[in-house]
Number of protein chains: 2
Amino acid sequence: MEYSIGEVAKELNLTVYTLRYYDKEGLLPFVNRTSSGTRLFKESDIEALKVIECLKSTGMPIKEIKTFIDWVADGDATLQQRYDMFLERKAVVEAQMEEINKTMELINHKCNYYKTALDAGTEDIHKKDKIEV
Amino acid sequence: MEYSIGEVAKELNLTVYTLRYYDKEGLLPFVNRTSSGTRLFKESDIEALKVIECLKSTGMPIKEIKTFIDWVADGDATLQQRYDMFLERKAVVEAQMEEINKTMELINHKCNYYKTALDAGTEDIHKKDKIEV
DNA sequence: TTTAGACTTCGAGTTAACTCTATGAGCAAA
DNA sequence: TTTGCTCATAGAGTTAACTCGAAGTCTAAA
């Protein structure tokens, strides 16, 4: 089964503009075309796009993702680079998880702070501690 | 104790350019100045900046953070808005946590995939399943 | 066969969040 | 008092990642 750019966009919650932009940036060299030039995405292309979205969500810029895509095309000679890259991404995501936990702590603190203030009708209830924003 | 913009930048791992930009965008109306115009950050200003960085890390744009800063200046009348905002941020962060867990799953899968391929010396070891990127 | 809708490329425009340059002031040490 | 560092503003420049407009092609339904 093959899919048009519009179908893929809908499936992955992207726009067709974004997919064409990815292609323009060299992220989708594996996507085939019809004789008239229309892109035909296969199942494995969609899986590759999910990996691209995964890398993007770790904060990896498009240019670095392209480097990875180039490595894939280069075959077994680049297995070590690709392994190292994913190990590095793993470390990045672990750091993000720590960061997000700290963020959640502060957000929760603020939820409690404002719940208490709201119940009291005034923020002054907290002024005994210190002035907060 | 009060701090210069350079000291605050170093402390919070920001640049002085960024801090001045925040000020320009209305995020730091509470920071006092010397008679000659130099910014003097107090302890509570640094705490406020940490909240700003926290909101930023949830993906909140500067303009929305400014709205919040304006609410703070408006006092008790905006307690409900501020509470609602933090509840919304909490939901956003919870979604981010789910997203990041999925990301980590895929990254881990890829780490294992490439470790196995590397040990075998070729990616073909996985070709029995399906072609992967 | 014409009309609608989805597809194509090229290149320009947009947006957020910085990031820096130019120019000048304040201040402390040599 | 000059040197050097940090501070200030205004406004221009940068960057990434889209996002879109123009102009044209392809295909299926009416």
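Numbers restart at 1 for each chain; the letters A, B, ... are given by sequence-line order, proteins then strands. Heavy-atom basis, side chains included; hydrogens, waters and symmetry copies ignored. Remember, it's a predicted structure, so these values are computed and weren't measured experimentally.
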Open item on the list: Counting only side-chain heavy atoms from C-beta out, which of C:dC20, D:dC7, D:dC20 sits nearest to B:V16?
Closed with: D:dC7
- [ ] Determine: side-chain N/O of B:T18 to OP1/OP2 of C:dC18, distance under 4.0 Å, yes or no.
- [x] no
Grab the N/O contacts between the protein and nucleotides 14-17 of chain C below 3.5 Å, and write none if there aren't any.
unit_1	atom_1	unit_2	atom_2	d
C:dA17	OP2	B:I62	N	3.3

- [ ] Classify the nucleic acid contact of B:T34 as base, sugar-phosphate or nothing, counting any heavy atom under 4.0 Å across all strands shown.
- [x] nothing
Open item on the list: In whole Å, I'd like the distance from the CD atom of B:E25 to the P atom of D:dG11.
Closed with: 14 Å
TODO: To the nearest 0.5 angstrom, please state how far the CZ atom of B:F68 sits from the CG atom of B:L55.
DONE: 6.0 Å
Task: Pairs satisfying salt bridge (charged side-chain N to carboxylate O under 4.0 Å, His left out), at least one member in residues 22-39 of chain B, at least two apart - done: B:D23-B:R33, B:D23-B:R39
Open item on the list: For a quick test of reading the model: is some side-chain N or O of A:T38 closer than 4.0 Å to OP1 or OP2 of C:dT8?
Closed with: no
- [ ] Whole angstrom is fine here: how far is it from CG in A:L12 over to C1' in D:dC18?
- [x] 17 Å
Open item on the list: Between P on C:dC27 and CD1 on B:I5, what's the gap in Å once rounded to a whole number?
Closed with: 17 Å
Open item on the list: Between B:K50 and B:E47, does any side-chain N to carboxylate O distance fall below 4.0 Å?
Closed with: yes
- [ ] Choose from C:dT19, C:dG11, D:dC7 the nucleotide whose nearest atom is closest to any side-chain atom of A:K24.
- [x] C:dG11
Open item on the list: What's the closest nucleotide to the side chain of A:R39 if the choices are C:dC18, C:dT9, D:dC20?
Closed with: C:dT9
Task: Distance-only side-chain donor-acceptor flag, A:Y22 / A:E53, under 3.5 Å - done: yes
Task: Atom-pair distance (CZ on A:F41; P on C:dA6), nearest Å - done: 16 Å
Open item on the list: Quick check on DNA chain C: between B:S36 and B:R20, whose nearest nucleotide comes earlier from the 5' end?
Closed with: B:R20
Open item on the list: Rounding to an integer number of Å, can you tell me how far A:Y17 OH sits from C:dC10 C1'?
Closed with: 14 Å
TODO: Could you tell me the separation between the CG atom of A:L28 and the P atom of C:dT9, rounded to a whole number of Å?
DONE: 12 Å
TODO: Taking the side chain as every heavy atom from C-beta outward, state whether A:L49 and A:L19 have any atom pair closer than 4.5 Å.
DONE: yes
Task: Euclidean distance, atom CG of residue B:L19 to atom P of C:dC20 [Å, nearest integer] - done: 14 Å
Open item on the list: Are the side chains of A:K56 and A:I62 in contact, using a 4.5 Å heavy-atom criterion?
Closed with: yes
- [ ] Quickly work out the B:E53 CD to C:dC18 C1' distance and round it to whole Å.
- [x] 12 Å
Task: Polar side chain donor-acceptor pair, B:Q80 to B:D84, under 3.5 angstrom - done: yes
- [ ] Tell me whether the OP1 or OP2 atom of C:dG26 has a side-chain N or O from B:R33 closer than 4.0 Å.
- [x] no
